[in-house]
Amino acid sequence: MVQVKILSTSDVHGYFTGDDFRRPLKNTGFGLARAATVIAQEKKVATEDLVITIENGDFIQGSPLTDYIEKQASEEANLCQRLAQTVGYDVRILGNHEFNYGRTYLEKVFGDDQTLLNANILDKATKRPFIGRPYQIFEKNGLRVAVIGVTTQYIPHWEKPENIKDLLFEDPVEVVSNLVANLRPRVDKIVVAYHGGFNRDLKSGQAIEPLTQEDQGTDLLAIEGVDALVTGHQHRTLAEVVNGKPLTQPGYRGDHVGVITLSDQKPSAKTIETATAAESSAVVVLVQPLLNQVNQWLDQPVGHVGDNMRITNHFSARLHGHPFTELINRVQMEATGATISANAIFNDEMRGFDDTVTIRDVMTNYIYPNTLAVVALTGAEVVSALEQNANYFDWQDGQSTVSSDYLYPKPAHFNEDIWSGVEYTLDLKKPRGQRISAVTVGGQGIDPQAKYEVVVNNYRAGGAGNSVFSHDKIVREGQTDVAQLIVDYLRQHPKISIDQPTNVHVVN
């Protein structure tokens with residue numbers, strides 16, 4: 001009897017080789033080139049099986065290389081499709097970050113890709129998939145398997161409205177349920193490839209994050225007639241069989257390959273780490289010419305910032321502020337004219353700057369193609385936003401630590417903002433919602449009723465990570481990426497000196 005083997009990667013994010021673009025390199029044990037080798041090995045030993053290989057979204061955005069393509073070398077936009085063909089993906093799924101460069105660019109990259117599956121993101125006018133098709137049926141020796149492709153419906157909560165103009169984001173659970181009812185009589189197995197994750201623990205069913213419609217994997221798995229589920233988005237490494245249904249989530253940047261096996265016997269799921277695999281020469285050959293251009297571009301110096309902008313203690317920097325985050329806030333305030341600014345240290349790989357700053361340093365610290373938005377908040381709302389940021393911290397055994405809410409099911413350091421233009425006292429021994437006091441702006445006590453202009457990135461401005469912000473409070477927006485604003489600022493201020501911020505008074 002023919003078995004079905006589902007191989008998958010997810011959230012490659014433009015890391016096509018084992019190069020994280022920082023210098024010196026901190027991590028090389030990942031990348032599409034290594035994943036391609038593992039996939040080829042798995043296919044080689046499964047010649048009797050029906051093998052379906054899935055690229056599960058967030059492929060075209062996320063690294064300096066993909067940013068370079070979009071901004072500097074648009075003629076290379078087809079590289080992503082050529083890479084997918086080289087790896088041998090049978091199915092591709094749209095991720096949420098696929099929309100970061102806008103609908104026009106997305107359609108340019110995926111427009112003629114016959115492997116793209118998209119069942120739940122529709123054109124408002126036609127009510128049909130704006131790109132791709134809902135499912136594909138694969139067959140071998142009489143065995144028929146349908147793969148349905150869906151993407152998290154939560155994208156409008158994060159994305160700039162102009163990037164998703166005239167699109168409808170339908171509930172993937174409802175869409176899949178309807179498709180399963182139609183497909184079940186025609187096929188032997190149904191696999192769902194979902195760019196989204198799980199908001200509940202796979203064993204207990206307990207909520208592990210807010211029960212929004214961002215990560216509906218548990219609900220998709222529960223649909224009668226679904227035989228297997230490939231997930232992504234959360235950058236987790238998962239391989240489980242739940243109620244007889246196998247699922248995978250194959251990590252981040254190609255560091256794992258998911259493997260699901262469906263047969264008349266017991267189904268199985270596993271992930272394979274790619275760190276020790278050799279890089280596929282076919283992938284490297286495709287990428288290397290452009291990679292050489294990117295590295296020359298990245299190594300251009302743009303300014304000097306002194307010797308105190310290296311981040312050596314990420315927790316302390318988030319708690320007390322840091323010259324690096326103060327620099328970003330100054331960039332944001334100068335670009336928009338706002339009097340208050342907030343930005344995040346996105347992850348613990350961010351190292352800040354040495355004295356001589358290159359474009360590489362900017363791009364590997366500010367990793368998202370965010371733009372800026374100025375949001376009008378009342379004084380009371382500013383305090384409420386600060387209280388939400390204070391929830392990042394817990395007080396345990398007489399010391400401050402990171403709340404588990406920001407570590408599990410995935411690290412969410414990117415939702416903890418560091419503020420400038422506002423001074424306040426933070427007491428972590430107090431209950432949540434009562435930790436912020438003595439708030440002042442410009443030396444004056446904050447007025448709960450007055451309006452203050454706060455500049456944040458467009459992701460935060462829409463309410464992602466801090467519910468005080470929302471699209472309807474935005475008073476103006478910028479069009480230039482923050483990374484470019486940082487480069488421009490450093491060129492305009494070639495020698496910068498910023499002391500350790502003192503606007504946050506932490507009660508010990």
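Just so we're clear, the structure is a prediction, and the values are computed from it rather than from any experiment.
Considering only residues two or more places apart in sequence or on other chains, D499 meets the side-chain hydrogen bond (donor to acceptor under 3.5 Å, both in side chains) condition with none of them. Here Y194 pairs with nothing under the ring pair (Phe, Tyr, Trp, His ring centres under 6.0 Å) rule; sequence neighbours left out. Scored by the ring pair (Phe, Tyr, Trp, His ring centres under 6.0 Å) test, Y68 finds W297 as partners (sequence neighbours excluded). In terms of the side-chain hydrogen bond (donor to acceptor under 3.5 Å, both in side chains) criterion, E279 has no residue partners (sequence neighbours excluded). The ring pair (Phe, Tyr, Trp, His ring centres under 6.0 Å) search around H322 returns none, not counting sequence neighbours. With sequence neighbours left out, H157 forms a side-chain hydrogen bond (donor to acceptor under 3.5 Å, both in side chains) with no residue at all. For F315, the ring pair (Phe, Tyr, Trp, His ring centres under 6.0 Å) criterion is met by F393, not counting sequence neighbours. For S384, the side-chain hydrogen bond (donor to acceptor under 3.5 Å, both in side chains) criterion is met by no residue, not counting sequence neighbours.
Residue pairs meeting the ring pair (Phe, Tyr, Trp, His ring centres under 6.0 Å) criterion with at least one partner in residues 24-43, sequence neighbours excluded, are Y15-F30. Residue pairs meeting the salt bridge (charged side-chain N to carboxylate O under 4.0 Å, His left out) criterion with at least one member in residues 467-478, sequence neighbours excluded, are E381-K473, E453-R476. Within the structure, no pair that satisfies the salt bridge (charged side-chain N to carboxylate O under 4.0 Å, His left out) test touches residues 150-161, not counting sequence neighbours. Note on residues 280-292: no pairs pass salt bridge (charged side-chain N to carboxylate O under 4.0 Å, His left out), not counting sequence neighbours.
Between H493 and Y489, the two ring planes are parallel [angle under 30°; tilted spans 30° to 60°]. Between H235 and Y252, the ring planes are parallel. Angles under 30° get that label, and only those over 60° would be called perpendicular.
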Steps toward ring-ring contact (aromatic ring centres under 6.0 Å, His included) verdict (Y406, F414): CA-CA 9 Å; Y406 287 78; F414 49 81; 8.9 Å; no
The test is side chain to side chain donor-acceptor pair (under 3.5 Å); show your working for H413 and N347 and say whether it passes. CA-CA 6 Å; H413 304 299; N347 58 49; over 6 Å; no
Given D20 and R22, is the salt bridge (charged side-chain N to carboxylate O under 4.0 Å, His left out) satisfied, shown in steps? CA-CA 6 Å; D20 66 2; R22 294 179 295 168; 2.8 Å; yes
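To the nearest 0.5 angstrom, E162 atom CD is 11.0 Å from T104 atom OG1.
Each of H97, H471, H233 was scored for a ring-ring contact (aromatic ring centres under 6.0 Å, His included) with W158, with one residue passing: H233.
The backbone N or O of T401 sits nowhere less than 3.5 Å from a side-chain atom of D394 that would complete a donor-acceptor pair.
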